[in-house]
Structure formats: structure tokens, C-alpha cells
Amino acid sequence: MSGKREFLSVTSIVAMGIGTALYAAFNVFFNIFQLPGTQLVALRPSVAIPMFFGFVFGPIVGFVAGFLGNIISDAISWGGFWWNWDVGNGLLGLIPGLTIFLIKKEEMSTSKGLILCSILSIIASIIGMGFAAYTDYIFGYGISTIEEATYALFLPAAITDAVNGAIITPILVAAYSAAVKGRARRA
């Protein structure tokens with residue numbers, strides 16, 4: 001993991017495609033694990049996928065992987081499209097990608113980088129799921145009170161996504177870094 005970061009390169013476009021496909025596929029599987037007392041909120045360890053792609057490849061890649069992956073998985077799982085939840089899932093990938101402005105790429109797999117990855121995953125979960133839940137209330141998408149948006153959508157989605165993202169995303173980053181270093185040694 002070294003070299004100059006580019007916002008949109010061939011590598012970024014390939015990463016968007018892979019991230020989108022992985023997020024959609026895993027979401028379809030995990031969407032069956034609905035949390036009781038919520039409105040279509042599922043336990044999704046897969047949220048680490050757009051967070052990982054954002055952290056490693058940048059905010060645009062992370063946003064596209066989360067946004068398009070959620071559109072595809074919702075279409076397959078529920079037969080519908082909810083733009084605000086798709087944007088919220090895009091934010092799950094975009095915010096960890098902001099690390100590009102905070103640390104050098106070489107520091108991403110260090111303790112400092114992995115801790116930052118966990119923190120940004122938590123922040124992304126709060127902002128992304130907050131956007132999705134409260135726009136449901138603002139636009140009247142099946143939510144009639146702010147309490148319902150908070151307790152039936154925001155809290156269950158943000159807490160489970162934050163826990164999954166804060167634990168799984170740094171593991172993915174460390175594994176990716178080890179794989180890249182191993183490949184570099186063989187070359």
C-alpha cells in the first residue's frame with residue numbers, strides 16, 4: 001500500500017465494481033437477519049465492505065460501492081428502491097475514505113491507521129444511518145414521529161453498523177495490507 005492516491009483511476013473503477021458486487025451479494029444474504037422491533041433494519045456485517053473500499057481506495061470508491069451495492073441488494077431483497085437509504089449507505093463508504101486527507105497511505109495498516117479506521121467507521125455509521133432514518137421522517141416515508149425514526153430505524157441501524165464496521169473493517173484493512181506486502185515481496 002504505497003504510492004500516490006488518485007481519486008479516479010482504472011484501479012478505482014475496478015474497485016468500485018468489485019465493492020459494489022460484494023456489498024450487493026452479502027447484503028442480499030444478510031437482509032434475512034431482520035432486527036426485531038425495527039422496520040427492515042437487518043444485522044449486516046457486510047457494512048464493512050464499503051467502509052473498507054472507502055478507506056483503502058478513497059471516498060468516491062467507498063460511496064459508489066455503498067450506494068450502488070445497496071440499490072442492487074434492495075432491489076433483489078425487497079423489490080424496491082429507497083434513495084435516502086442508498087445515500088446513507090454511500091456515506092458508510094465515503095466517510096472512511098476521508099482518511100486520504102488525514103494520514104499517509106503508508107500509515108493505513110499501522111496501529112494509528114487501524115484505530116482511525118475504526119473511528120471513521122463509527123462516525124460513518126452514525127451519519128449515514130442518521131441521514132437515512134431522519135429523511136424517512138422528514139419526507140414521511142412510513143415514519144410518522146421522530147421517536148419512531150430514532151428507535152425503529154436510527155439506533156438499531158447505527159449501533160449494529162458501528163459495531164460491525166469498527167471491528168471488521170480494520171481486520172479487512174490489515175489482511176489487505178498483508179496480502180499486498182506479500183505480493184510485493186514475491187515480485
With rounding to the nearest 0.5 angstrom, report the [atom1] to [atom2] distance, [X] to [Y].
X      : Y      : atom1 : atom2 : value
Leu102 : Met108 : CG    : CE    : 11.5 Å
Phe131 : Leu91  : CZ    : CG    : 7.0 Å
Phe139 : Asn84  : CZ    : CG    : 8.0 Å
Ile13  : Ile18  : CD1   : CD1   : 12.5 Å
Ile127 : Ile95  : CD1   : CD1   : 4.0 Å
Thr150 : Ile146 : OG1   : CD1   : 5.5 Å

State which residues pass side-chain contact (heavy atoms from CB on, under 4.5 Å) with [X]; sequence neighbours excluded, sorted by chain then number.
X      : result
Ile72  : Thr20, Ala24, Ile76
Leu114 : Pro170, Val173, Ala174
Ile167 : Val163, Ile171

Practice task
Could you list all the side chain to side chain donor-acceptor pair (under 3.5 Å) pairs where at least one residue sits in residues 29-43, not counting sequence neighbours?
Solution key: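 Qualifying pairs, neighbours excluded: Asn31-Ser77, Gln39-Glu148.
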Looking at every heavy atom in both [X] and [Y], which two are closest together, and how far apart are they?
X      : Y      : result
Leu92  : Met51  : O-CG, 3.2 Å
Ala158 : Ser125 : O-CB, 3.7 Å
Ala65  : Gly19  : CB-C, 3.8 Å
Pro156 : Leu153 : CD-O, 3.4 Å

Handout entry: Check: Thr135 side chain, Ala132 main-chain N or O, donor-acceptor pair, under 3.5 Å
Key =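 The answer is yes, because a donor-acceptor pair under 3.5 Å joins these two groups.
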Exercise for the section: Say whether, by atom type as modelled, one donor and one acceptor occur between the side chain of Thr169 and the main chain of Ala166 under 3.5 angstrom. Expected result: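 Checking the backbone N and O of Ala166 against the side chain of Thr169, no donor-acceptor pair under 3.5 Å is found.
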If we only count heavy atoms from C-beta on, is the [X] to [Y] side-chain gap below 4.5 Å?
X      : Y      : answer
Ile60  : Met16  : yes
Ser121 : Ser118 : no
Trp82  : Asp136 : no

Handout entry: Selection residues 147-166 - residue pairs positive for ring pair (Phe, Tyr, Trp, His ring centres under 6.0 Å), sequence neighbours left out
Key = Tyr134-Phe154
Practice task
Please confirm whether Tyr141 and Tyr137 have ring centers closer than 6.0 angstrom.
Solution key: no
Handout entry: Near-ring test Phe67/Trp83, centroid separation under 6.0 angstrom
Key = no
Show every donor-acceptor pair shorter than 3.5 Å between a side-chain atom in residues 40-50 and any protein atom, with sequence neighbours excluded, or say none if there are none.
| from | atom 1 | to | atom 2 | distance (Å) |
| --- | --- | --- | --- | --- |
| Arg44 | NH1 | Tyr23 | OH | 3.1 |
| Arg44 | NH1 | Asn89 | OD1 | 3.1 |
| Arg44 | NH2 | Asn89 | OD1 | 3.1 |
| Arg44 | NH2 | Asp161 | OD2 | 3.3 |
| Ser46 | OG | Asn27 | OD1 | 2.6 |

Problem - Cluster link Met129 to Ile126, ILVMFWY, side chain under 4.5 Å - result: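 Yes.
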Problem - Trace of the side chain to side chain contact (heavy atoms under 4.5 Å, CB included) decision for Ser73 with Asn70 - result: CA-CA 5 Å; Ser73 65; Asn70 200 67; 4.0 Å; yes
